[in-house]
2 protein chains.
Amino acid sequence: MTVSKAAVVDAAKASRTVRKEPAEEATETSPLHLGELSELLGYSLKRAQLKVFEDFLHCVAPLQLTPAQFSVLLLLEKNPGRNQTEIANTLGILRPNFVAMLDGLESRDLCARARSANDRRSHILMLTDKGRAVLARAKKLVASKHEARLNELLGPANRAALLSMLTKIAREF
Amino acid sequence: MTVSKAAVVDAAKASRTVRKEPAEEATETSPLHLGELSELLGYSLKRAQLKVFEDFLHCVAPLQLTPAQFSVLLLLEKNPGRNQTEIANTLGILRPNFVAMLDGLESRDLCARARSANDRRSHILMLTDKGRAVLARAKKLVASKHEARLNELLGPANRAALLSMLTKIAREF
DNA sequence: GGTATTTGATATAGTGGATAACAATTATTA
DNA sequence: TAATAATTGTTATCCACTATATCAAATACC
């Protein structure tokens with residue numbers, strides 16, 4: 001009955017797990033007016049992004065992969081033999097921060113560093129067999145649970161239009 | 001206020017300020033294949049959000065307002081007399097983290113805390129005159145520089161459709 | 001051969017987000 | 001009414017992510 005506006009997270013959880021804890025009342029005050037906030041593209045963009053990432057984490061939880069880690073694995077699969085700088089750059093990750101990230105993936109035996117024959121400074125990156133297997137499972141989870149849910153909410157045409165505009169902003173803005 | 005110099009940032013600057021620094025060469029290797037990354041909605045969502053926030057920062061830089069601060073001022077304007085918990089909750093900010101944020105705004109005399117008469121625990125929040133003035137100027141900058149640029153890139157109809165879908169995801173996903 | 005650049009790495013700092021706990025105050029209820 | 005629970009603002013603290021400077025090793029450039 002009481003619409004809990006307390007936490008966005010709770011609303012999300014409730015949407016897939018109906019729970020009826022009476023303690024979740026949260027003093028019923030009149031809802032606030034967003035005003036021009038609802039016309040601010042950046043605001044909706046941020047809120048939507050948090051929701052999507054949260055759902056991604058949830059869907060791929062059994063594999064313990066973050067969106068960033070998933071993007072690295074995807075990139076390694078399609079671009080074998082690249083070094084850390086190249087992978088990090090195309091993902092917008094700074095090289096210093098990419099080191100710890102790779103350490104994590106490598107310690108889980110999902111990818112491996114190998115010294116390049118041409119340039120002994122750089123590390124060639126590649127997926128391990130386990131990395132390929134985990135990535136394959138992750139793809140299935142993302143497609144069947146995560147993206148499918150977005151498709152259901154927006155419809156295929158709208159989803160495509162949304163993706164197109166977001167890509168345009170990301171590239172040309 | 002730190003105008004970062006990451007790769008993404010440089011690309012953005014280049015899009016509005018054509019510069020020809022020969023040092024910006026960056027070893028010309030063949031571009032990497034994004035693969036299914038370009039079909040991942042969350043990925044484009046995140047990259048687009050970073051771009052939009054970056055441009056917001058740039059457009060409203062003379063007023064030294066972050067997107068989060070701007071959203072607080074907007075909310076205070078449309079909802080005078082609310083307390084910290086209410087404002088923080090509707091913005092998805094946790095109360096502990098909202099304290100320092102308010103400290104910053106209050107120290108700049110953009111808003112003020114006042115003890116409530118009914119409930120002496122809570123602080124009633126309101127814009128100061130300076131806060132109203134700064135907000136008015138910020139709105140003009142955002143509309144004329146930031147949102148106008150998005151409109152120019154997408155077109156009014158597409159922009160409206162994008163906002164609609166993002167809002168839907170933020171609320172219903 | 002000497003200088004500059006690149007690569008991976010380390011250290012470090014800043015920021016945003018999250019939880020636990022606390023005093024003061026208010027609400028509940030026994 | 002007295003005792004207990006809940007709420008508010010706050011502090012402290014932790015974690016994740018981001019950003020910069022710097023380094024040694026290796027390579028590229030004159």
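To find a chain, count down the sequence lines: A is the first, B the second, and so on, and within it residues start at 1.
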Smallest heavy-atom separation, B:Leu76 atom then B:Cys111 atom, equals CD1-CB, 3.8 Å
Would you mind reading off the distance between [X] atom [atom1] and [N] atom [atom2], rounded to a whole angstrom?
X: A:Arg113; N: C:dT7; atom1: CZ; atom2: P; value: 15 Å
X: A:Met101; N: C:dT10; atom1: CE; atom2: P; value: 17 Å
X: B:Leu102; N: C:dG16; atom1: CG; atom2: P; value: 14 Å
X: A:Leu57; N: D:dA16; atom1: CG; atom2: P; value: 12 Å
X: B:Ile93; N: C:dT15; atom1: CD1; atom2: P; value: 16 Å
X: A:Phe98; N: C:dG8; atom1: CZ; atom2: P; value: 9 Å

More than 12 heavy atoms from other groups under 6.0 Å of NZ on A:Lys130
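Yes, enclosed.
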inquiry  = Counting only heavy atoms from other residues, nucleotides and ligands, does the tally under 6.0 Å from NZ of A:Lys78 exceed 12?
reply    = yes
Which ones in residues 71-86 of chain A lie close to DNA chain C, meaning a heavy atom under 4.0 Å from one of its atoms?
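Heavy-atom cutoff 4.0 Å gives A:Asn83, A:Gln84, A:Thr85.
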- No-H, no-angle donor-acceptor pair, A:Arg121 side chain to C:dT6 base, under 3.5 Å: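 Pair found.
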Looking for any heavy atom pair under 4.0 Å, which part of the strands does [X] touch: base, sugar-phosphate only, or nothing?
X: A:Asn118; result: sugar-phosphate
X: B:Arg120; result: sugar-phosphate
X: B:Asp119; result: sugar-phosphate

Regarding the side chain of B:Lys46, the nearest nucleotide among D:dT18, D:dA21, C:dA18 is D:dT18
Fill in: Per B:Asn97 side chain, nearest of listed nucleotides D:dG9, C:dA11, C:dA18
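So the side chain of B:Asn97 is nearest to C:dA18.
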Original post:
Is the closest side-chain heavy-atom distance between B:Tyr43 and A:Leu74 below 4.5 Å?
Top reply: no
ask   = Under the criterion side-chain contact (heavy atoms from CB on, under 4.5 Å), which of B:Thr85, B:Asn89, B:Val72 is the partner of B:Phe98?
value =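 Running side-chain contact (heavy atoms from CB on, under 4.5 Å) over B:Thr85, B:Asn89, B:Val72 with B:Phe98 returns exactly one hit, B:Val72.
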